[in-house]
Amino acid sequence: MGEADEINSNPVTPRPAAVNLTPPISAPPSQYHSPSLSRSPLLTAGGDQIEAVPKTKTPKSITPKISTPRISLTPRFITPLGSPIRRALHLTKLDPQDAWLPITESRNGNAYYAAFHTLCSGIGIQALILPVAFTFLGWTWGIICMTLAFIWQLYTLYLLVQLHESHENGMRYSRYMQLASAAFGERLAKLLALFPIMYLSGGTCVALIIIGGSTSKMFFDLLCAGTCSAEHLTPVQWYLVFTSAAVILSQLPNLNSIAGVSLIGAITAVGYCTLIWVISVSEGRMPGVSYNPIRGSTEIARVFDLLNSLGIIAFAFRGHNLILEIQATMPSSEKHPSRVPMWRGVKFAYLIIALCLFPLAIGGYWAYGHMIPENGGMLTALYAFHGQDTAQSLLGLTALFVIINAVSSFQIYAMPMFDDMESKFTMRLKRPLPWWLRVILRAMFAYGCFFVAVAIPFLGSLAGLIGGIALPVTLAYPCFMWLKMKRPKMYGPMWWLNWFLGVLGMALSGILIAAGVYSMAVRELAIVVRGGTALGPVGLSRCPL
């Protein structure tokens, strides 16, 4: 790191030789530090990782610098930025890269900010297809599976919050990949977790563009239905309009700076979820509604339909890949660890999430039963069955809430991608990114997602498949990380619980991926045979997110 890599100590005032010297030690509040994203997290000299250790406090001459290098045997990726001794003696210059990246640039977050971010990332359009899972599972198993999935993901969320900072090495794992690397090793972590995490961020941004663009077109059509002569844009043009709005908003510098955006996104998510299920329930059950689970024509089709339903439920509870990043925006010390306000914010957020998701799934299934559209879920059903007998203002407000929530969610899901891209440049430049380069990188990412959305418009229809891919990140990996990092007593309750949930999560993931691929192939084959398209009445059928 050039000049930043020097090891400095304060000058020592010489004392008489006869006096038995005891090094004065100042003890400021001990801070947790994030591991560096560079290849050499600590100070380096000649390419080797070194550590400063004071040999004596009695200098032979008055000199401003004392340095004694010593090779460290600690693996690079888990080396803390400052041990307790070095923090006390002020001998280490911390790697400044964390202060240059959008996730850790600002650490003045609090429980309120954590609740806003968690709500915005935890509620999404994917919740609107939960009643589709009930059409295959039925009332009893649908409610049981959804309840177990909610408890399970809340437990693994608690594990991640506790694992964010380590008392043993004073480390903060501010990113999911950093914790995975510390637990599994860098190579295995990339193999297991890199693709699901990147897909959950990038893939969700692509789907949000599809959702936001399609809903924007629908909202414009509602406003101009027979009353204006404005030229109607195509769906792709609306995708571009939505992406441009997301690019403008993405110029907010860091994760803490979008707390207000997340608050607006959380309010609108709660708003449209509540509006949709309240309108559906108030209009009453559809004539001829049936609650008998849909059965496939063959035994294998029935099995895969049930598994795909579990994948839909699993996908409704995604978002764990953002929890460590959200917690990284908080200050933390041994006396005031960040896990306390973080868990307080998470508990409040998930109480609201439960009050949105369970009424939406149960009320939607009660209102439509097996008639719930498989593509688009509750939003498609609202416009298909109640588009004529519901006030246009309510329909327009629902669409507006969906658009605002989509553009707000885009910011928080894109932030890990921004962080990853910018870290590669800061490692080479050895300084923060200039503002113009940050603008270019974020615009390139957003418009790249736009081109993917245009090229693969059916990406959003893979809810069950995506749920299977994302399931280990949410339900399995945190359990294995706890076993590796905390080392609970062998054969004790925590040991058995985490092994059971981890193995079960990995097995379910493999099965759900197979079921998602099968269901997608059958659906697309049926569309080709009919010579039609899977797009629903409001253009959101490809976007169950």
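If you read the sequence from its start, that first residue is 1, and numbering goes on from there.
The aromatic rings of F184 and Y477 sit perpendicular, their planes meeting at an angle over 60°, well past the 30° parallel limit. Relative ring orientation between F410 and F445 is described as tilted, the plane-to-plane angle lying within the 30° to 60° band.
Between L255 and D419 the shortest side-chain heavy-atom distance does not fall below 4.5 Å. Contact check for W100 versus L433: no side-chain heavy atoms found under the 4.5 Å cut-off. Contact annotation: the side chain of P478 approaches that of Y176 to within less than 4.5 Å [non-hydrogen atoms, C-beta and beyond]. Two residues are said to be in side-chain contact when any heavy atoms from C-beta on lie closer than 4.5 Å; F150 and M146 fail this criterion. Within the 4.5 Å cutoff, the side chain of L379 has heavy atoms near those of the I276 side chain.
Between the side chain of R344 and the main chain of A115, no donor-acceptor pair closer than 3.5 Å is present. Listed for the Q153 side chain is no donor-acceptor partner under 3.5 Å among the backbone atoms of L475.
Applying the ring-ring contact (aromatic ring centres under 6.0 Å, His included) criterion to Y113, with sequence neighbours excluded, gives no partner residue. In this structure E105 satisfies the salt bridge (charged side-chain N to carboxylate O under 4.0 Å, His left out) test together with R438, sequence neighbours excluded. Remark: F401 pairs with no residue by the ring-ring contact (aromatic ring centres under 6.0 Å, His included) rule, at least two apart or across chains.
With 3.5 Å as the limit, one finds no donor-acceptor pair spanning the side chains of Y239 and S216.
Counted within 6.0 Å of CZ on F425, heavy atoms from surrounding residues, nucleotides or ligands total 12 or fewer; the atom is thus considered open.
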